[in-house]
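Note sheet for the following structure.
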Amino acid sequence: MESAGTEPESCPPAQGPPGSPALPAEEPERSEAAPEPQQAAEGVPSPAPVAQGRRPSGPGSKGQAKRGGAGKGGRGKRGSTRRAGEEGGRPARRAHVTVDSSKAKTSLEALKISLRQLRWREFPFGRRLPCDIYWHGVSFHDNDIFSGQVNKFPGMTEMVRKITLSRAVRTMQDLFPEEYNFYPHSWILPEEFPLFVAEVRMMKESDPPWKPTFIVKPDGGCQGDGIYLIKDPSDIRLAGNLQSRPAVVQEYISKPLLIDKLKFDIRLYVLLKSLEPLEIYIAKDGLSRFCTEPYQEPTLKNLHQVFMHLTNYSLNIHSGNFIHSDNVNTGSKRTFSSVLYRLSSKGVDIKKLWSDIISLVIKTVIALTPELKVYYQSDIPAGKPGPTCFQILGFDILLMKNLKPVLLEVNANPSMRIEHEQELSPGVFENVPSPVDEEIKVAVIRDTLRLMDPYKKKKKDNHLPDTCMDSKQRFPPISSRLPRSNLQFSKFAIVRSQLSENASDTKDELLEPGSTDQLEHDISKNPEASLPSLCLKQVFPKYAKQFSYLRLVDRMAALFIRFLGVKGTMKLGPTGFRTFIRNCKLSNSNFSMASVDILYIDITRRWNSMGLDQRESGMCLQAFIEAFFCLAQRRYKSLPLHEQVASLIDFCEYHLAILDEKRLVCSRGITERRAALVTCQPDGLHLTAATHAPLLNRMTAANKLTDYRNHRS
């Protein structure tokens with residue numbers, strides 16, 4: 001992770017020569033956030049708006065349009081009820097969405113600009129009544145929230161720490177090594193230091209010319225803090241007390257792609273809109289952060305030259321060679337689309353490159369979501385009042401010389417600052433606006449809010465337009481399509497802004513006298529009429545069919561959560577584990593319940609000794625996955641690991657479905673007082689033929705045993 005914790009840079013359109021590629025887009029489609037022409041009544045405030053279609057946004061949502069001018073952000077609230085019902089029954093304007101920005105921290109300025117563009121109501125000091133959206137700068141726990149939507153998931157900060165991310169990806173590498181080869185070989189220190197030494201020695205003995213370089217990254221480090229390069233395991237700084245500050249050591253990518261002889265990385269913004277169902281959006285442009293010294297492959301002489309090897313913005317900003325530029329095509333911070341344009345001019349297959357990057361993002365999120373669901377049910381148990389969540393993530397990606405993308409890290413709190421420090425004189429600094437940052441980050445925040453707008457009806461088809469370009473910056477991005485077998489993007493397409501689309505929709509009206517007044521009236525009712533198209537493209541579930549087979553750990557997490565027992569807990573106790581074994585029929589004469597207890601104790605003790613969360617005792621999800629692997633290997637010895645695991649999951653789901661069916665039949669029998677037909681006895685459920693026949697006819701549970709085989713065929 002050569003760019004660990006860098007200050008994120010953003011994603012809207014890049015301003016470059018005609019033909020400059022922006023993030024892949026599909027064939028021109030209607031945006032999810034774009035207003036439907038026939039929905040003239042969309043402006044009518046809904047009597048009971050729903051936050052993202054899942055949970056009510058809470059009391060105080062309705063009637064918000066009646067408050068025209070409290071607090072800051074008045075420009076977004078002006079005239080909220082004016083013209084309501086005028087001109088022969090015109091529909092009233094929709095209620096303003098309310099946003100609590102009191103915890104926004106460094107993203108505040110970009111958020112304020114976004115809210116002004118959307119004409120939403122901002123509450124910079126909080127609000128006694130619930131808001132529709134809460135914008136936090138750091139963590140889900142910045143505030144106690146019981147309704148609406150919040151821009152952080154519980155547990156996300158913990159999940160993307162270097163050690164936790166490495167463990168999650170390693171689990172997927174065990175199951176699908178070829179699919180997850182985009183993440184460098186990693187070892188966790190201090191617990192895996194002996195393994196690291198042994199494996200490096202073995203690789204050197206088998207390949208004497210191999211002269212590796214490794215990069216050490218502290219687990220909780222950010223902005224490049226504590227990162228250093230080594231050539232041999234003996235060079236690790238053990239004196240720094242790894243116990244108090246654990247770290248990850250990875251193989252260093254010694255042959256990166258260079259531009260102008262400089263190493264660079266990519267910051268892409270990814271919106272996790274929902275966990276269940278899983279929804280992922282990728283910004284159509286990103287930032288490229290450049291080193292400030294010409295790159296050379298690591299040697300003992302240049303290992304410590306951070307401006308050559310580390311792409312962190314927060315480090316290179318202090319280099320005398322750092323170039324601030326308002327041009328997106330030059331400087332030490334550029335748009336990713338400008339880099340793609342240069343690569344395209346040299347004959348690089350941009351379609352395949354975008355295909356690989358989108359695949360990397362989806363696979364990484366699939367690796368993270370199982371444990372995120374455990375955190376989510378802990379903080380917001382089913383049946384407990386709470387908000388729905390969404391989050392913008394910063395993916396740091398490095399391109400190798402062969403154009404293969406490599407994941408460096410994922411940032412839970414990517415910087416959304418739209419200014420940078422400039423030294424006016426020695427020791428005197430001033431914050432100077434950064435046009436590139438503002439252009440990109442404002443678009444990401446604004447369009448994230450548009451997608452999360454609680455007043456919009458959720459549509460069945462989530463179509464997104466082709467560009468995130470501002471209306472003043474219309475040049476061709478790369479159009480995209482991801483076919484079934486491999487993700488590819490189609491040819492270049494000329495981008496049309498949403499303004500031009502709206503103008504064509506109302507062409508006849510604009511030709512009539514007074515059309516300008518009518519257009520201004522329409523824009524005042526629907527601010528989105530004046531906004532550019534969305535800069536975020538949906539990639540999941542749009543391409544779910546290509547990746548569904550990877551979600552084995554997600555299914556294991558569902559089993560884990562089912563048997564947690566106590567709401568709000570994150571660890572499985574011995575009773576819960578025994579119940580899991582018993583209900584799934586996993587014990588037999590060769591694997592007794594005593595063996596089950598020994599397996600639980602051994603694995604739980606080992607994971608607890610790693611210094612993980614000790615706030616509660618029991619088996620964490622990663623320990624449960626290890627135990628599940630052991631059970632799968634014991635039961636299906638002749639199959640590859642991923643088939644062993646898939647077979648055991650099918651087996652467990654089958655027996656649990658049978659159990660649920662029995663409980664349903666039993667509860668129905670008790671409710672309907674059919675004691676003569678259904679009798680629940682301690683040793684099991686005995687059914688008469690009349691009730692047994694429908695159960696057998698449905699065969700829902702039995703079909704689960706063959707699902708994964710049908711998928712492979």
Side-chain angles (χ1 to χ4, degrees), residues 1-11 14-17 20-21 184 213 215 217 223-224 227-229 250-268 285-348 350 353 356-357 394-409 411 415 420-423 434-437 440:
M1 238 164 326
E2 291 82 339
S3 70
T6 2
E7 285 229 345
E9 272 57 76
S10 236
C11 100
Q15 188 174 8
S20 176
T213 302
I215 182 167
K217 306 173 184 178
Q223 300 182 355
I227 297 178
Y228 60 97
L229 273 59
Q250 297 176 322
E251 287 189 64
Y252 179 77
I253 308 301
S254 59
K255 295 185 182 297
L257 179 68
L258 305 179
I259 290 183
D260 300 331
K261 299 182 180 181
L262 298 173
K263 180 180 175 180
F264 69 97
D265 75 348
I266 305 160
R267 163 62 59 82
L268 284 182
D285 200 358
L287 286 170
S288 299
R289 291 88 56 91
F290 284 75
C291 288
T292 48
E293 291 183 7
Y295 180 78
Q296 299 175 5
E297 290 195 25
T299 64
L300 291 176
K301 292 183 179 180
N302 66 28
L303 278 183
H304 305 295
Q305 297 184 26
V306 294
F307 298 146
M308 175 189 295
H309 294 294
L310 303 184
T311 56
N312 303 70
Y313 168 82
S314 54
L315 292 177
N316 283 279
I317 188 71
H318 300 294
S319 168
N321 298 326
F322 190 91
I323 301 173
H324 292 286
S325 176
D326 294 341
N327 189 325
V328 298
N329 302 298
T330 61
S332 297
K333 184 195 298 183
R334 314 174 194 177
T335 59
F336 181 42
S337 58
S338 69
V339 170
L340 290 178
Y341 181 75
R342 289 190 60 173
L343 297 178
S344 177
S345 66
K346 295 181 180 180
V348 171
I350 303 301
L353 177 58
D356 294 341
I357 289 175
F395 274 66
D396 292 345
I397 298 169
L398 181 75
L399 295 181
M400 297 177 64
K401 192 173 183 179
N402 61 2
L403 296 176
K404 176 184 175 181
V406 175
L407 177 66
L408 299 180
E409 70 174 350
N411 292 270
S415 168
H420 59 79
E421 283 189 350
Q422 184 171 334
E423 190 170 12
S434 171
V436 176
D437 283 332
I440 290 176

**Q.** Heavy-atom side-chain proximity of Lys404 to Leu399 below 4.5 angstrom
**A.** no
Q: Hey, could you give me the CG/CG distance between Asp396 and Asn411, rounded to the nearest 0.5 Å?
A: 5.0 Å
Q) Which value, rounded to the nearest 0.5 Å, describes the distance between Arg334 atom CZ and Phe290 atom CZ? A) 4.0 Å
Q. Which pair of heavy atoms, one from Pro184 and one from Glu251, lies closest together, and at what distance?
A. CB-O, 3.8 Å
Q: Could you tell me whether the side chain of Phe322 reaches within less than 4.5 Å of the side chain of Ser332, counting heavy atoms only?
A: yes
Q. Would Tyr228 and Leu310 count as a side chain to side chain contact (heavy atoms under 4.5 Å, CB included) if you check the C-alpha gap in whole Å, the side-chain angles of each, and the deciding distance to 0.1 Å?
A. CA-CA 9 Å; Tyr228 60 97; Leu310 303 184; over 6 Å; no
Q: Check each of Leu257, Leu340, Leu343 against Val348 using the side-chain contact (heavy atoms from CB on, under 4.5 Å) test, and report the only one that passes.
A: Leu343
**Q.** Test item: Gln305 and Glu293 side chains (from C-beta on) under 4.5 Å apart, heavy atoms
**A.** yes
Q) What distance separates Phe307 CZ from Cys291 SG, expressed to the nearest 0.5 Å? A) 10.0 Å
Q: Search all heavy atoms of Asp437 against all heavy atoms of Lys333 and return the closest pair with its distance.
A: OD2-NZ, 2.8 Å
Q) Within a strict 4.5 Å, meaning less than it, do heavy atoms of the Met400 and Ile253 side chains meet? A) yes
(Q) Nearest 0.5 angstrom please: Leu303 CG to Tyr252 OH, how far? (A) 9.0 Å
(Q) Is any side-chain heavy atom of Ser288 closer than 4.5 Å to one of Thr335? (A) no
Q | Rounded distance [0.5 Å steps], CG in Asn312 versus NE2 in His318 | A | 11.0 Å
Q. Is any side-chain heavy atom of Ile323 less than 4.5 Å from a side-chain heavy atom of Thr330?
A. no
Q. Is Asn327 reaching over with its side chain to a backbone N or O of Asn329, donor-acceptor style, under 3.5 angstrom?
A. yes
Q. Do the rings of His309 and Tyr295 sit parallel, tilted or perpendicular, given the 30° and 60° boundaries?
A. perpendicular
Q | Closest non-hydrogen atom pair between Ser325 and Gly331, with its separation | A | CB-CA, 3.9 Å
Q: Taking all non-hydrogen atoms of both residues into account, name the closest pair between Thr311 and Asn316 and its distance.
A: C-ND2, 3.6 Å
Q: Would you check if the side chain of Asn302 reaches a backbone N or O of Thr299 as a donor-acceptor pair within less than 3.5 Å?
A: yes
Q: Using a 4.5 Å cut-off on heavy atoms from C-beta on, say whether the side chain of Asp265 contacts that of Ile397.
A: no
Q) If you measure from CG on Leu353 to CD1 on Ile266, what distance do you get to the nearest 0.5 Å? A) 6.5 Å
Q.
Side chains of Leu258 and Lys401, heavy atoms from C-beta outward: is any pair under 4.5 Å?
A. no
(Q) Quick check: closest heavy atoms across Gln296 and Met308, and the distance to 0.1 Å? (A) N-SD, 3.6 Å
